[in-house]
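To keep things clear, I will list the structure first and then write my remarks on it.
Source: prediction; values computed, not measured.
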Amino acid sequence: MPRAFLLLACALFAHPALAQPDWSTPPGFEHSMSITATVAFDGTFSADATDRLAPFIDGEVRGVASGTVLGGQAYFFLSIVGDTEGKTVTLKAYDASSDQERDLCTELRFTPDASRGTISDPVVLHTADGASQGQCALRWQPLPGYGQSMSLNTAVALEGVRSDDPNDRVAAFIGPEVRGVGAPFTVDGQQVFFLEVDGESASETISFQVYDASAQTTHTVSQTTTYAAGGSQGTPSSPLMLTTDAVLPVELVVFEAHADGGEALLRWRTASETNNAGFTIEQADGTAWREVGFVPGVGTTLTPQDYSYRLPVLAAGTHRFRLRQHDFDGRLEYSPVVEVSVPIHRALELTAAFPNPFTQHAEVTLSVAETQAVRVTVADLQGREVAVLHDGVVLADTPHRLSIHGQPLASGLYLVRAVGRTHYTVQQLVKLTP
């Protein structure tokens, strides 16, 4: 075969390189759970072995699986690694044909050594975005792999009016997982929803969501109940009544945080927004919450929106965040709380004072690797203590904010000293005249 013809043939039949996402799993996890799943991109099931599926916990990739084509359909045999039971697992898929990463509707709870789905009964995953997808409520499907169940008969009052649309649905959740979906039947002219709720552990809390087909919206429900294997609650003639809350002005589908060096990166996505002025980012300060930033909303939209916010220079330890969403008419809604952990690299750490220089007020944050007594003082250049910021026990891996008041201090250079059981550290601080 002539060389030119051979090169042309190779070019025609070579597969193009795919820009697959850089999904890599961090090492060091002791436990795993397994998932057998299929993935539908905008309603069409994957049949491509080059597609990918990946789970995420706290923003980290915790596994990756390629498609295995069986009977013309791709199956994904996924191992999810982790340590903390109950953590929420979100999922993304890579669609090789369109070279896109896609968010998926289903969320899981990490359960060590658990197995969900089989080839004959896989976990069915649907994309959460795209015009042809609609809302994730249309794709509610209980997870396979649970050996026990309880039955529920429920009725629904949509903002005070009893549901009468046969296309409405009720879904039962344990944590983030859909554990049962009910379609309505009629009893004495009234709609009743029957659900089989799957589970494993007694006394888990069951929460509910309701899909209002006429409005194409998903409602939250105030009532909860307790899972009891083999039990039942409600009857067709006397069902458990579920009353929906008002439709949330923002449909928050993702809110996550992860450490990026000494910073926290918060990311969230909304599926739709109504009259949304924006989001105040709040950080836990002991038992209270304080504002640390604000991100404007887009008002009203049916298009998914992605947001992010970065908080610089966090102290070592666990930090908790939430979103306070504002309507233009003054109403407020709060997001779930997310956590991010910043590792401590020394036995005792003290952040640089902020602001520095300062006039009226500054702050430092103290963290320790082991619970111990620590004394934190402010001293002048002659070594004389002019203020005691803390003198007592500090809990391990718990950032402890300390305030420095400028009013009693003369202008000049000061040293903030933290002395623990075996270590000490010093930060400089400059006081300016107001």
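Judged as a ring-ring contact (aromatic ring centres under 6.0 Å, His included), the pairs with a partner in residues 355-374 (not counting sequence neighbours) are, in order, His361-His405. Note on residues 81-96: pairs passing salt bridge (Lys or Arg N to Asp or Glu O under 4.0 Å), not counting sequence neighbours, are Asp58-Lys87.
Other residues, nucleotides and ligands place more than 12 heavy atoms under 6.0 Å from the CD atom of Gln141. The number of heavy atoms from other shown groups lying within 6.0 Å of CZ (Phe185) is above 12.
Looking only at distances, no side-chain donor or acceptor of Thr270 sits under 3.5 Å from a matching main-chain atom of Glu273. No donor-acceptor pair closer than 3.5 Å links the side chain of Thr300 to the backbone N or O of Thr274. Distance alone, capped at 3.5 Å, places no donor-acceptor pair between the Gln305 side chain and the Val298 backbone. The main-chain N or O of Pro166 is found under 3.5 Å from a side-chain atom of Arg169 such that the two form a donor-acceptor pair. Judged purely by atom type and a 3.5 angstrom limit, Gln427 uses its side chain to pair as donor or acceptor with the backbone of Leu350.
Once rounded to the nearest 0.5 Å, the distance linking CG of Asn276 with CZ of Phe328 reads 7.0 Å. With rounding to the nearest 0.5 angstrom, the CD1 atom of Ile35 is 10.0 Å from the OG1 atom of Thr106. A distance of 9.0 Å separates CZ of Phe76 from CG of Leu125, quoted to the nearest 0.5 Å. One finds the CG atom of Asp103 at 10.0 Å from the CG atom of Leu91 (value rounded to the nearest 0.5 Å). A distance of 8.0 Å separates CG of Asn153 from OG of Ser232, quoted to the nearest 0.5 Å.
For Arg324, the side-chain hydrogen bond (donor to acceptor under 3.5 Å, both in side chains) partners two or more places apart in sequence, or in a different chain, are Glu282, Glu291. Residues passing the side-chain contact (heavy atoms from CB on, under 4.5 Å) test with Val292, sequence neighbours excluded: Ile281, Gln283, Arg290, Leu311. For Gln372, there are no side-chain hydrogen bond (donor to acceptor under 3.5 Å, both in side chains) partners at least two apart in sequence or on another chain. Contacts of His400 classified as ring-ring contact (aromatic ring centres under 6.0 Å, His included), with partners at least two apart in sequence or in another chain: His390. For Thr225, the side-chain hydrogen bond (donor to acceptor under 3.5 Å, both in side chains) test picks out Gln233, with sequence neighbours left out. In this view, Thr118 and Ser120, Asp121 satisfy the side-chain contact (heavy atoms from CB on, under 4.5 Å) rule, not counting sequence neighbours. Residues forming a side-chain hydrogen bond (donor to acceptor under 3.5 Å, both in side chains) with Glu363 (at least two apart in sequence, or on another chain): Arg401. By the side-chain contact (heavy atoms from CB on, under 4.5 Å) test, Leu302 pairs with Ser272, sequence neighbours left out. Residues that satisfy the side-chain contact (heavy atoms from CB on, under 4.5 Å) test with Val253, not counting sequence neighbours, are Glu251, Arg269, Ala271.
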Exercise. Which is it for Leu104 and Val39 under the side chain to side chain contact (heavy atoms under 4.5 Å, CB included) test, yes or no, and what are the steps along the way?
Worked result: CA-CA 9 Å; Leu104 301 175; Val39 176; 4.2 Å; yes
Problem set entry | Stepwise side-chain hydrogen bond (donor to acceptor under 3.5 Å, both in side chains) test for Thr50 and Asp48 | CA-CA 5 Å; Thr50 61; Asp48 189 341; 2.6 Å; yes
Exercise. What do the steps show when you test Glu101 against Arg52 for side chain to side chain contact (heavy atoms under 4.5 Å, CB included), and what is the final call?
Worked result: CA-CA 9 Å; Glu101 288 183 38; Arg52 299 289 185 269; over 6 Å; no
For this session: Decide side-chain hydrogen bond (donor to acceptor under 3.5 Å, both in side chains) for Arg102 and Tyr94; before the verdict, give the C-alpha distance in whole Å, the side-chain angles of both, and the deciding distance to 0.1 Å.
Result: CA-CA 6 Å; Arg102 303 291 296 275; Tyr94 170 70; over 6 Å; no
Problem set entry | Criterion side chain to side chain contact (heavy atoms under 4.5 Å, CB included) on His31 and Phe29, from CA distance to verdict | CA-CA 6 Å; His31 303 286; Phe29 295 98; over 6 Å; no
Problem set entry | Test log, rule side chain to side chain contact (heavy atoms under 4.5 Å, CB included), inputs His219 and Tyr211 | CA-CA 6 Å; His219 299 251; Tyr211 176 67; over 6 Å; no
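Ring-plane geometry between Trp268 and Tyr307 is classed as parallel, the angle between the planes falling under 30 degrees on a 0 to 90 degree scale with a further cut at 60.
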Using atom types as modelled, flag every donor-acceptor pair under 3.5 Å from a side chain in residues 187-208 to any protein atom, sequence neighbours excluded.
| residue | atom | partner | partner atom | Å |
| --- | --- | --- | --- | --- |
| Gln190 | OE1 | Arg162 | NE | 3.4 |
| Gln191 | NE2 | Ser163 | O | 3.4 |
| Gln191 | NE2 | Ser163 | OG | 2.9 |
| Gln191 | NE2 | Asp165 | O | 3.3 |
| Glu196 | OE1 | Ser149 | OG | 3.3 |
| Glu204 | OE2 | Arg109 | NH2 | 2.4 |

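Smallest separation of non-hydrogen atoms from Ala49 and Ser66: O-CB, 3.9 Å.
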